[in-house]
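Each chain gets a letter, A, B and so on, in the order the sequences are listed, and its residues count up from 1.
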2 protein chains.
Amino acid sequence: MTTSKTTVQESAKPVEPVGFDEEGAALQMGELSELLGYVIKRAQLKVFDDFLRCMAPLQLSPAQFSVLLLLDKNPGRNQTEIANTLGILRPNFVSMLDGLESRDLLTRMRSPSDRRSHVLMLTDKGRATLARAKKLVATRHEARLIELLGPSEHKALLGMMAKIANEF
Amino acid sequence: MTTSKTTVQESAKPVEPVGFDEEGAALQMGELSELLGYVIKRAQLKVFDDFLRCMAPLQLSPAQFSVLLLLDKNPGRNQTEIANTLGILRPNFVSMLDGLESRDLLTRMRSPSDRRSHVLMLTDKGRATLARAKKLVATRHEARLIELLGPSEHKALLGMMAKIANEF
DNA sequence: TATTGTTATACTCTATAACTATA
DNA sequence: TATAGTTATAGAGTATAACAATA
């Protein structure tokens, strides 16, 4: 038995999961609740929604946060390297960087060795904002997720997600 | 120890996960691989991508498949009920139904009891397509996921995703 | 007055082609 | 010639307001 609260009730027949249409009219979800693509999408939207709420004071989207995080760990990389690593297309990365640079969170610097490329670096304000953002994520966002799932299940979940992302 | 292949190597210090920028230049992923929002998004994209590939013969998107599935389990519901259950906004549901109806997979019928609403029903072709789609999903898509994760982990994953989607 | 399906519209994401300046 | 950053653009997905028909 790995389930905690939501245990199967009576016999071996699983309880048919139902969805709610705002009010009482319950619909049968059928195979939908067993379809990983469906539940993972719903879960992902919930997680992003909560991330946005927790991060509201700093006005950082999940994508923006990931850029700051990656830049902090990998200073001196160019736009293509950062974009590729995050799965962002280079053309779409431009306006994203424009936004972060105009907020003075990072700088673009022409590389002396290859004057085609822009070296990206966090500014002091960028580092300070990232530090505050990390705290918000850890204490408000991830903490709630760990509380919901339990620490070991949460860790197992991270592992499975990484496995799907990297090996599927 | 719950990890299978990717075991921690030497001491207690965890191996820093790295990302790859097309070729060899490895970047430090840092806290990104511990951020559920990040990994769940990457995993979700992979899952949808595979779903699309497996479903290519039938030309059904995940969203379209979910509509057919829900209609099969809940015949006689109207557009608002189906859309709300799937988290689709009513205005956006219209063109989606236009597409499925023009392919003769479902029908809109004015309800005799409430002539404002459209009762949705699968056509015979819709039911046949759904049956074929279910087989493709089970044998090609979900089978590969279960093979990757193992049956019990796969089941645990479904449970955790549902928990986040419903309770977070 | 409220609700159903619909239109129009806008904003974000994502995707591709092509330009420029460098190499 | 190839690559980095950029522009323009097009397509999905998602969001809100408002209208006609009906309740």
Side-chain angles (χ1 to χ4, degrees), chain A residues 21-25 37-38 40-42 44-46 48-49 51-52 59-67 71 76-102 106-121, chain B residues 21-25 37-38 41-42 44-46 48-49 51-52 55 59-67 71 76-102 106-121:
Chain A
D21 168 20
E22 302 300 274
E23 25 181 298
Y38 179 75
I40 201 178
K41 177 71 180 180
R42 300 293 291 236
Q44 183 260 313
L45 290 174
K46 273 285 181 82
F48 268 42
D49 198 62
F51 184 98
L52 257 315
Q59 288 287 93
L60 285 179
S61 70
Q64 290 172 320
F65 179 69
S66 71
V67 170
L71 250 50
R77 298 289 188 156
N78 67 26
Q79 299 186 189
T80 300
E81 290 172 317
I82 299 294
N84 282 347
T85 303
L86 292 174
I88 302 171
L89 290 170
R90 278 63 75 215
N92 300 332
F93 199 40
V94 173
S95 65
M96 192 174 166
L97 287 179
D98 288 346
L100 292 171
E101 192 175 29
S102 73
L106 57 83
T107 55
R108 282 189 256 222
M109 235 179 47
R110 292 216 100 83
S111 165
S113 56
D114 184 343
R115 293 185 38 75
R116 290 172 302 181
S117 64
H118 287 168
V119 165
L120 298 176
M121 285 190 319
Chain B
D21 168 21
E22 302 301 275
E23 26 181 298
Y38 179 74
K41 177 71 180 182
R42 300 294 292 238
Q44 184 260 313
L45 290 173
K46 273 286 181 82
F48 267 43
D49 198 62
F51 184 99
L52 257 315
M55 203 61 105
Q59 286 286 94
L60 285 179
S61 70
Q64 290 172 320
F65 179 69
S66 70
V67 170
L71 250 48
R77 298 290 189 154
N78 67 26
Q79 298 186 191
T80 301
E81 290 171 317
I82 299 293
N84 282 346
T85 303
L86 291 175
I88 301 170
L89 291 170
R90 277 64 74 213
N92 299 333
F93 199 40
V94 173
S95 65
M96 192 173 168
L97 287 179
D98 288 345
L100 293 171
E101 194 176 26
S102 74
L106 56 84
T107 55
R108 284 188 256 221
M109 237 180 45
R110 292 215 99 82
S111 165
S113 57
D114 184 344
R115 294 184 37 74
R116 289 173 303 182
S117 64
H118 287 170
V119 166
L120 298 177
M121 286 189 320

Quickly work out the [X] [atom1] to [N] [atom2] distance and round it to whole Å.
X: A/R77; N: D/dT3; atom1: CZ; atom2: P; result: 18 Å
X: A/E81; N: D/dT3; atom1: CD; atom2: P; result: 14 Å
X: B/I82; N: C/dT4; atom1: CD1; atom2: P; result: 13 Å
X: A/F48; N: D/dG13; atom1: CZ; atom2: C1'; result: 15 Å
X: A/M96; N: C/dC11; atom1: CE; atom2: P; result: 20 Å
X: A/N84; N: D/dA4; atom1: CG; atom2: P; result: 9 Å
X: B/N78; N: C/dT6; atom1: CG; atom2: P; result: 11 Å
X: B/Q64; N: D/dA12; atom1: CD; atom2: P; result: 11 Å

*Which is it for A/Q44 and A/I40 under the side chain to side chain contact (heavy atoms under 4.5 Å, CB included) test, yes or no, and what are the steps along the way?*
CA-CA 6 Å; A/Q44 183 260 313; A/I40 201 178; 5.6 Å; no

*When you check the phosphate oxygens OP1 and OP2 of C/dT3, does a side-chain N or O of B/T80 lie under 4.0 Å from one of them?*
no

_On the nucleotide C/dT6, are OP1 or OP2 found under 4.0 Å from the side-chain N or O atoms that B/R108 carries?_
yes

May I ask you to test the [X]-[Y] pair for a side-chain heavy-atom distance under 4.5 Å?
X: B/H118; Y: B/R110; value: yes
X: A/L106; Y: A/E101; value: yes
X: A/Y38; Y: B/L86; value: yes

*asked:* Return whichever of B/H118 or A/S61 has its heavy-atom-nearest nucleotide of DNA chain C closer to the 5' end.
replied: B/H118

*Reading nucleotides 14-23 of chain C from the 5' end, what letters show protein touch, with B for base, S for backbone sugar-phosphate only, - for no heavy atom under 4.0 Å?*
BBBB---BBS

*Listed by chain and number, what are the side-chain hydrogen bond (donor to acceptor under 3.5 Å, both in side chains) partners of B/S61, not counting sequence neighbours?*
B/Q64

*At what distance, to the nearest 0.5 angstrom, does CG of B/N84 lie from CZ of B/F93?*
9.5 Å

*asked:* Show me the pairs that pass salt bridge (charged side-chain N to carboxylate O under 4.0 Å, His left out) and involve residues 85-100 of chain B, at least two apart or across chains.
replied: B/D98-B/R108

